[in-house]
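Below: the structure, in C-alpha cells.
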Amino acid sequence: MSVFLAERYSLFKEYVPGEQPSDRKYVKLNTNESPYPPTPLLKERLTAQSLDELCLYPDPQSKKLKSAIAKAFGVGINNVFVSNGSDETLYLAFLGLCPYGVAFPEISYGFYPVYADFCGLDALKIPLRDDFSIDEKQYMNIGRTVVIANPNAPTGIFLENDRIEAIAASNPGNIVLIDEAYIDFAGETAIPLTKKYTNLLVVRTFSKAYALAGARLGYAIGSEEVIADLEKLKYSINPYNINRLTQEAGIAAVEDRKYHDECCAKIIKERERSSERLRSMGFTVIDSKANFIFVKHKDHDAQRLYLLLREKGVLVRYFSDEKIRDYLRITIGTPEQMDILAEKLETIMAEEERP
Ligand SMILES: *Cc1c(COP(=O)(O)O)cnc(C)c1O
C-alpha cells in the first residue's frame with residue numbers, strides 16, 4: 001500500500017474472485033462459467049468491420065442491445081438497463097438505491113457485503129435457516145433495500161416467485177433487488193412482477209447461461225423510473241460502459257434463444273446426474289437450481305479435498321467462512337469434466353482412507 005491511498009480505503013476488505021490460473025490447464029469448475037462456448041452466431045456477427053469500428057466510441061445508450069433484450073423478455077426498452085457485468089449494476093444499486101441501508105442474506109454472493117462497505121451502507125445480514133433456505137418473512141416491511149440472489153449462491157437454493165412478490169409488496173418504499181444470475185437453470189423469473197411492482201428490480205448476467213463471462217455484460221429489468229435512476233448514476237461514472245464487441249455479443253446471445261436453451265438443458269441434465277453420483281459417493285448435495293452444486297462429505301475435510309483436487313488439476317471453490325467451510329461449490333461442467341471430477345474424488349478419498 002502506498003501513502004497516497006485515501007485513508008478510508010486502507011483497511012477496506014476487497015472482493016476476492018475465484019482463481020483464473022494460467023500456470024497449467026485445469027478442469028475449471030470454480031467460477032460458474034459455462035463449459036460451452038457462446039452462440040456460434042457470434043462468429044458471423046463479429047466481422048473485420050466490427051474490429052475496425054473499435055476506433056469509434058460505442059453507443060452509450062446501447063439501444064440495439066437494449067431493444068434485443070426488451071423484445072426477448074416482453075418489456076419496453078426503457079425498462080432495460082445494461083452494464084459492464086451485472087456486478088456494475090449491483091454496484092450502482094448499492095451506491096444510489098439504498099438510501100435507508102440494505103439487507104441481504106448472511107450467506108450469499110460475496111460481493112454484497114463488499115459493495116455495502118464500499119458505499120458506507122448500514123447493512124443487515126439476515127441468517128439463513130439451518131437448511132440454508134431463505135425465510136422470506138424476515139424481509140417483510142424491512143424499511144431498507146433488499147438484495148436477494150435467486151437461486152441463492154453458493155447454495156443453489158431457489159425461492160419461489162410468490163415469496164418474492166410478498167417481499168416486494170411489503171416494501172413499497174424500498175427497492176427489492178433480485179439477482180437472477182442463475183435463473184436460467186432454475187425456472188420462473190420475477191421479470192413479469194416488475195410490471196406490477198415499481199420497486200422490484202431484476203438483475204441478470206450474460207456471464208453464466210449465455211457463456212459470455214469474458215465479455216462482461218449484465219442487465220437489469222425494472223420500472224422506467226428506477227431504470228432512469230440507474231442511467232443517471234451510470235452517466236455520472238462511465239457512459240461508455242459496454243464496449244462495441246460486447247454489445248454485438250449480447251445481441252447475438254439473446255437472439256439465439258435455441259442455443260441458450262440447449263446449453264441450459266445440457267447443464268441441468270448434468271447437474272442432476274452429478275448430484276446423484278456424488279450422493280452415491282457419500283456426499284451431501286444440496287438440491288441445486290443453479291449451474292453449480294454445494295456439497296460436503298462427513299468423512300472428508302472440504303479444504304483438504306479442494307487442495308488435493310487442485311493438485312490433480314481440478315479447480316473447485318472453497319469458502320473459509322465459518323458457516324460454510326465444510327462445503328465445496330462445484331460448477332457443473334461438461335459430462336466429461338464431471339467424470340474427471342468424480343474419478344479424482346474417488347482416488348483422493350480412497351487414498352485418504354487407506355491406513
Ligand atoms: C456471477 C454472479 C454475478 C456477477 O456476474 P457478472 O455479470 O459476471 O458481473 C452476480 N451475482 C451473482 C449471484 C453471481 O453469481
Requested in this report: Could you label the plane-to-plane angle of the Tyr57 and Tyr240 rings as parallel, tilted or perpendicular, counting under 30° as parallel and over 60° as perpendicular?
Outcome: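 It falls in the parallel class, under 30°.
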Requested in this report: Can you label the angle between the Phe185 ring and the Tyr182 ring as parallel, tilted or perpendicular, going by 30° and 60°?
Outcome: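 Taking Tyr182 first and then Phe185, their aromatic rings sit tilted (interplane angle of 30° to 60°).
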Report task. Please name all residues satisfying side-chain contact (heavy atoms from CB on, under 4.5 Å) with Ser223, sequence neighbours left out, ordered by chain then number. Result ->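 Once residues adjacent in sequence are excluded, the partners of Ser223 under the side-chain contact (heavy atoms from CB on, under 4.5 Å) criterion are Thr198, Glu225, Val226.
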Report task. Quick one: list whatever passes side-chain contact (heavy atoms from CB on, under 4.5 Å) with Ser86, sequence neighbours left out. Result -> Val203, Thr205
Query raised in the report: Would you call Glu19 and Leu315 a side-chain contact if the rule is heavy atoms closer than 4.5 Å?
Result: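 The answer is yes, as the side chains (C-beta and beyond) meet within the 4.5 Å cut-off.
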Show the nearest heavy-atom pair for residues [X] and [Y], with the distance to one decimal.
{"X": "Leu233", "Y": "Leu92", "value": "CD1-O, 3.4 Å"}
{"X": "Leu42", "Y": "Ala249", "value": "CD1-CA, 3.3 Å"}
{"X": "Tyr109", "Y": "Pro113", "value": "O-CD, 3.7 Å"}
{"X": "Arg244", "Y": "Leu56", "value": "NE-O, 2.9 Å"}

Distance-only criterion, 3.5 Å: show the donor-acceptor pairs between side-chain atoms of residues 66-73 and protein atoms not counting sequence neighbours.
residue	atom	partner	partner atom	Å
Lys66	NZ	Gln61	O	3.2
Lys66	NZ	Glu231	OE2	2.7

Could you tell me whether [X] and [Y] have a side-chain N and a carboxylate O separated by less than 4.0 Å?
{"X": "Arg163", "Y": "Glu136", "answer": "yes"}
{"X": "Glu165", "Y": "Lys196", "answer": "yes"}
{"X": "Lys289", "Y": "Glu188", "answer": "no"}
{"X": "Lys64", "Y": "Glu248", "answer": "no"}
{"X": "Glu262", "Y": "Lys258", "answer": "yes"}
{"X": "Asp261", "Y": "Arg257", "answer": "yes"}

Query raised in the report: Shared ILVMFWY cluster between Tyr9 and Tyr115, side chains joined below 4.5 angstrom?
Result: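 Yes, one cluster joins them.
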Query raised in the report: Transitively linked via ILVMFWY side-chain contacts under 4.5 Å: Leu201 with Val147?
Result: yes
Query raised in the report: With sequence neighbours excluded, what pairs up with Tyr100 under the ring pair (Phe, Tyr, Trp, His ring centres under 6.0 Å) test?
Result: none
Requested in this report: Going by the ring-ring contact (aromatic ring centres under 6.0 Å, His included) test, name the single residue among Phe283, Tyr306, Phe294, Tyr318 that passes it with Tyr327.
Outcome: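 Among the candidates, only Phe294 passes.
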Can you give me every donor-acceptor pair (side chain of residues 339-346, partner residue at least two apart or in another chain, under 3.5 Å) with its distance?
residue	atom	partner	partner atom	Å
Asp339	OD1	Arg273	NH1	3.3
Asp339	OD1	Arg273	NH2	2.9
Asp339	OD1	Arg277	NH1	3.1

Report task. Go through the structure and list residues passing side-chain hydrogen bond (donor to acceptor under 3.5 Å, both in side chains) with Tyr139, not counting sequence neighbours. Result -> none
Report task. Output, in order, the C-alpha distance, side-chain angles, deciding distance and verdict of ring pair (Phe, Tyr, Trp, His ring centres under 6.0 Å) for Phe118 and Phe12. Result -> CA-CA 8 Å; Phe118 194 78; Phe12 184 75; 5.3 Å; yes
**Report entry** Trace of the side-chain hydrogen bond (donor to acceptor under 3.5 Å, both in side chains) decision for Asn150 with Glu180
**Finding:** CA-CA 5 Å; Asn150 193 35; Glu180 291 193 336; 5.3 Å; no
Query raised in the report: Is there a side-chain contact (heavy atoms from CB on, under 4.5 Å) between Asp229 and Leu97 once you walk through the steps?
Result: CA-CA 8 Å; Asp229 294 341; Leu97 295 174; 4.0 Å; yes
Query raised in the report: Are the side chain of Ser288 and the backbone N or O of Ile293 linked by a donor-acceptor pair below 3.5 Å?
Result: no
